Amino acid sequence: MAATAAGAAAAALWQPQEEGLREICGLLEQQISPNSDQPRIWQQLQHYSQFPDFNNYLVFILAHAEGKSVEIRQAAGLLLKNNLRATFSSLSPSHQHYIKSELLPCLGATDRTIRSTVGTVVSVLVQLGQVIGWPELLQALVRCLDSNDTNHMEGAMDAIYKICEDIPEELDVDVPGLSERPINILIPRLLQFFQSPHAVLRKLSLGSLNQFIVVMPRALFMTMDQYLQGLFVLTHDSSADVRKLVCAAFVQLIEVQPSFLEPHLRNVIEYILQANKDPDDEVALEACEFWSAYCDANLPPDGFREFLPRLIPVLMSNMVYADDDESLVDLEEDESFPDRDQDLKPRFHSSRLHGSDNGEEDDDDTVNVWNLRKCSAAGLDILSNVFGDEILPTLMPLIQQKLSTMNDSAWKEREAAVLAIGAIAEGCISGLYPHLPEIIAFLIPLLDDKFPLIRSITCWTLSRFSKYIVQGIGHQNGHEQFDKVLMGLLRRILDTNKRVQEAACSAFATLEEEAAEELAPRLEIILQHLLCAYGKYQRRNLRIVYDAIGTLADAVGGELNQPKYLDILMPPLISKWQQLSNSDKDLFPLLECFTSIAQALGPGFSQFAEPVFQRCINLIQIQQLAKVNHVVAGVQYDKEFIVCSLDLLSGLAEGLGSGIESLVAQSNLRDLLLQCCMEEAADIRQSAFALLGDLARVCPVHLHPRLQEFLSVAAKQLLGSAVKEAVSVANNACWAIGELAVKVRQEISPIVLTIISCLVPILQNAEGLNKSLIENSAITLGRLGWVCPELVAPHMEHFMPSWCAALCMIRDDFEKEDAFRGLCATVRANPSGAVGSLAYVCKAIASWHEIRSEDLHNEVCQVLNGYKQMLANGGWDQCVATLEPPELHKLSRYQV
C-alpha cells in the first residue's frame, strides 16, 4: 500500500546508517537475552536516545529488519512506543512523518507479533496526536478492513481495538476533511465482522464496540438494533473468547443502558443461565457477573423471579472449589512454612478522622483472585438481599443435600454448602432466624473438621451470624452457644494451617466488635490464645493478630487495665517493639495496635508511655530527614511511618489525658507537628490535625508559642479548593480549630473572621459534602460564637438558616452543647440578626432529645422567652405556626 506523497518524500530523505543499525540491533539482542547486564544496556540505550533520529532507526528495524528475529523487531517497537510517549511532541515534523509512514504498510505484516506491535504503537500515536493529526491513518485502516486479506484485516482490527480500549472518545469527533466522524465510518464495518469466518476478527470487532457501551455515542445508539441482533447471533459462537465478550456486553448493557435489553430480557436471562454453565470458566465467570448487575440495576424483580429455581442450583454448583483453584495449591502449607514476600499484601493505614462517618473498611479477602466460586457466592448474597426468604425453598434442600454427603471425596461439596449459609446470612435472616440455634449448633463441630478449608469457611460463616450469637447471651442455651463459638474460634486461631489461622482471627475480630463488654469475663483466656498465636504466627498472619488485639482493646476498654491481663498482653508486644528497626514496615500494625491499647487503658498506659512516645518522635524525625536526604537518614522515605506515629501519639493523648503533658514538655513535638500540618501529603496532614485537636484538649499550653501559626495553617485547609482536594483534612482541621478555640478563648480573635468566611460556604453548600465536615463546621462556628460573640454576631443573618440546619443533624453530646452556647451568645449579642431565621433557631433547639446541662437549658429558655416578648405583636405566633407538632412539643420544655 502506497504511503502518501509527503510521507514518501520524508521517507526518501532519511536512510539509516549500516553501522548504527548494527549497533542498535546488537543492543536490543542483549536486552532481550535473559542474563544480560540490564542497567548497562539501559544506559547505552539512553545514550542513543540523545540522537534525534534514534526513533527512526527503531521504526526501521520494526518494519524492515527482515533478517532479524521477530523478538528483536518487537523489542524495537516497544522501545519506540515508550520513547514516543516521552518525546513525541519534541520530534521534528519530518521525523514524526517518517515514523507514521513506515508504520502504515506494516499493519498487514505477515507475522502476527509484528502486526500487534504496530497496532500498539499506532494507538499511542493517536493518543498523542489525535486522529486529526494523522489523516492518512483512517484511510489506511479502512483500506485494510475492506481488503479481504486476512493479515490486513486483522492488523487494522488490532489497532482499532487498542484505540477503542484506550481512547474511544477520539473516534467520536469531527475531523476536518472527513464527511463524517471516524466512528460512523467504522461501526458498519465492525458490525459486518460479527459474521466473519475468522474468530479473531469476530473477537476484535465485538471487543471494540463493547468499549463504547458506557459512553454510548450517537452512532452506536442509532445502530443498537443491529448490534443486539449481532450479539444474539454470537451467543453460541464456537470461540470462548467471543462468548465471553457477549456476556460482558450484556453485563455492561444491564448496568448502564438497561432499557435496550428490556424487550429482550427473557432471552438474555435464558442465555446467561446457559453461559453460567459454560465449560470455559472465564465465560461462566463473565456470565455470573450478570446476576449482581441485574439486581443493582433496580429493574423490577418480578421478571426475574421465575428463573430463581433454575439459577440457584447453577450458583450452588459453581460455588464448589474448582480443582485448579489456587487456594488448593498452598493448602498444605502449615505454619512452619515461612511467608514468601509476595504473600505479604501491601497494607493501607487509614488516617484518623474526627466525626460521624468513620467508614467501615472492607475485609480484604484471603486470596485476592476473583473467580467463579467467589462471584457465585457474591451473586447468591445479592439475590438473598433482593428476594429474601423466597429463595430458601429452592436453596435449603440443595444445602442439606451437600451437607449430607459425608465421604472424604465430597468435602468440597460440604464446604460450598457452608459458604452458601454464610452468603445468605444477611438477606435471609428472617427465614433463618427461627432455626439459628440448630444452624449454629450444626456449624460448631465443623470448626474441628479434618479438612482445613472446611474449618476456615466455618469460621467465616459463624462470623456472619455474630450479632445473633451475641444477642442470645441473655438466656441459658444462648450463653452456652456463645461460649462454644468463642472457644471454637480461639482453638482455630491456634490451628497449624495458615489459612485457618487467618480466617479464625478475622472471624474472631468480627465477634469481638459485636460482643464488646460481654468479653470481659473471658478476657484472660482470650488474651492467652491471642498471645500464644502471636508467638507462633508467620509475618502475614501476625497483622491479623494485631487487628484482633486492637479490636479487643476497643471492645472491652478499661476492663483491660488489670495487672493479670497486662502481664499477658504487654511483654510480647514490647519485646517485638524493641526488636523491629525504624525502617521495618512490620511496625505499622504494631503502632496501630498500641493506639487501641493506649486508648483502652487510659491512664493505665502511663507505665509504658515514655518509650512509646519517644519512639514515635524519633520515627517522625527520621522520616522528615529521609524525605530530604535518605542517605543521611539511613532509611528510605515512607510517609506511612509518620501517619502511624501521629495516630499513636493521638491515642496516647486520648488515653493519658493531661498525663501526656510532661512528655510533650520535654520533646520538640510542637515544631514537628507544625511541619506535619504543612506537608503536601494529605494523609499526613489529616493525622497531624487530629493530633493538634487532641493536644489542644489536654495540654494547650505547649502549643501556645506557635498558636497563630497552627491556626492559620488550619484555616488554609478550609478554603474551597482545599476542601475539594482533601475533605478529610479539612474535617480534622475544622475540628482542631474548635478545640483550640474553647481552650485559648479570646486569643483566637485575630483569625475568627477568616475562619467564618471559610465555614459559611461549607454550610451553605452542604449538598454532596461529607456529613462529618458539615457537623464539625457547625460545631466550630458555635465554639467561635461562644468565645468571641461580638465578632461572630454581626454576620449571623448570612448563615443562620444553614447553620441551624446543620446543628439539627448533630447527636446530643458535649460538642453540641458548646455549639449551642455559641448560638445563645451570638443571639444575645445581636437579637435582631436572627429574627428572620427564628423558625430555624426553634427547629435546631427542638433537635435536642434533652439538654443535660442545667445552665445551657436556662440560656435556651432565656433566648426563646426573649423572642416571645420581642415579637409579642403576632410575629412569635407566625413563627410557631410553621413548626411541626413534635417540634412544638419539644419547645414546651423551655417555658414558652
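Computed from a prediction, not measured in an experiment: that's the story for all the values here.
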Self-check item: All pairs passing ring-ring contact (aromatic ring centres under 6.0 Å, His included) where residues 654-686 contributes a residue, at least two apart
Solution: none
Quiz item: Pairs in or reaching into residues 831-851: which pass ring-ring contact (aromatic ring centres under 6.0 Å, His included), with residues at least two apart or in two chains?
Solution: F820-W848
So, [X] side chain and [Y] main chain: donor-acceptor pair closer than 3.5 Å or not?
X: N830; Y: T826; result: no
X: N732; Y: F689; result: no
X: T780; Y: C734; result: yes

If you measure from [atom1] on [X] to [atom2] on [Y], what distance do you get to the nearest 0.5 Å?
X: N858; Y: C824; atom1: CG; atom2: SG; value: 10.5 Å
X: S728; Y: R685; atom1: OG; atom2: CZ; value: 11.0 Å
X: I810; Y: I774; atom1: CD1; atom2: CD1; value: 10.5 Å
X: Y867; Y: C842; atom1: OH; atom2: SG; value: 9.5 Å
X: I684; Y: Q686; atom1: CD1; atom2: CD; value: 11.5 Å
X: M800; Y: H795; atom1: CE; atom2: NE2; value: 13.5 Å

Exercise. Check side chain to side chain contact (heavy atoms under 4.5 Å, CB included) between Q666 and all other residues, then give those that pass, not counting sequence neighbours.
Key: S662
Quiz prompt | Set of side chain to side chain contact (heavy atoms under 4.5 Å, CB included) partners for S606, sequence neighbours left out | solution = L656
So which pairs with a foot in [range] pass salt bridge (charged side-chain N to carboxylate O under 4.0 Å, His left out), sequence neighbours left out?
range: residues 856-883; answer: R828-E859
range: residues 878-896; answer: K843-E887
range: residues 739-765; answer: R697-E739, E739-R783

Quiz item: Is it true that the side chains of Q869 and W876 contain a donor and an acceptor less than 3.5 Å apart?
Solution: no
Quiz item: Any side-chain donor-acceptor pair under 3.5 Å between T595 and D647?
Solution: no
Self-check item: More than 12 heavy atoms from other groups under 6.0 Å of NE2 on H889
Solution: no
Quiz prompt | Greater than 12 external heavy atoms within 6.0 Å of E169's CD | solution = yes
Quiz prompt | Partner residues of Y894 under the ring-ring contact (aromatic ring centres under 6.0 Å, His included) criterion, sequence neighbours left out | solution = H857
Practice problem: Mind checking ring-ring contact (aromatic ring centres under 6.0 Å, His included) for F613 and listing every partner two or more places apart, or none if nothing turns up? | Solution: none
Looking at side-chain heavy atoms only, is the closest gap between [X] and [Y] below 4.5 Å?
X: E517; Y: E559; answer: no
X: L769; Y: V723; answer: yes
X: T551; Y: E513; answer: yes
X: P831; Y: M870; answer: yes
X: L299; Y: E262; answer: yes
X: S892; Y: L888; answer: no

Quiz item: Quick one: do D813 and R852 make a salt bridge, cutoff under 4.0 Å?
Solution: no
Practice problem: Scan residues 292-302 for pairs that pass side-chain hydrogen bond (donor to acceptor under 3.5 Å, both in side chains), counting only residues two or more places apart or in two chains. | Solution: D302-R305
Quiz item: Can you list the steps and then say if F594 with F608 is a ring-ring contact (aromatic ring centres under 6.0 Å, His included)?
Solution: CA-CA 10 Å; F594 268 143; F608 314 107; 8.1 Å; no
Quiz item: Can you name the salt bridge (Lys or Arg N to Asp or Glu O under 4.0 Å) partners of D855, sequence neighbours left out?
Solution: R821
Quiz item: Run the side-chain contact (heavy atoms from CB on, under 4.5 Å) check on I549 and L552 step by step: do they pass?
Solution: CA-CA 5 Å; I549 294 173; L552 179 68; 5.5 Å; no
Can I get a per-line list of side-chain donor-acceptor pairs under 3.5 Å for residues 668-675, giving both atom names and the distance, sequence neighbours left out?
unit_1 : atom_1 : unit_2 : atom_2 : d
R670   : NH1    : H702   : O      : 2.7
D671   : OD1    : R706   : NH1    : 3.0

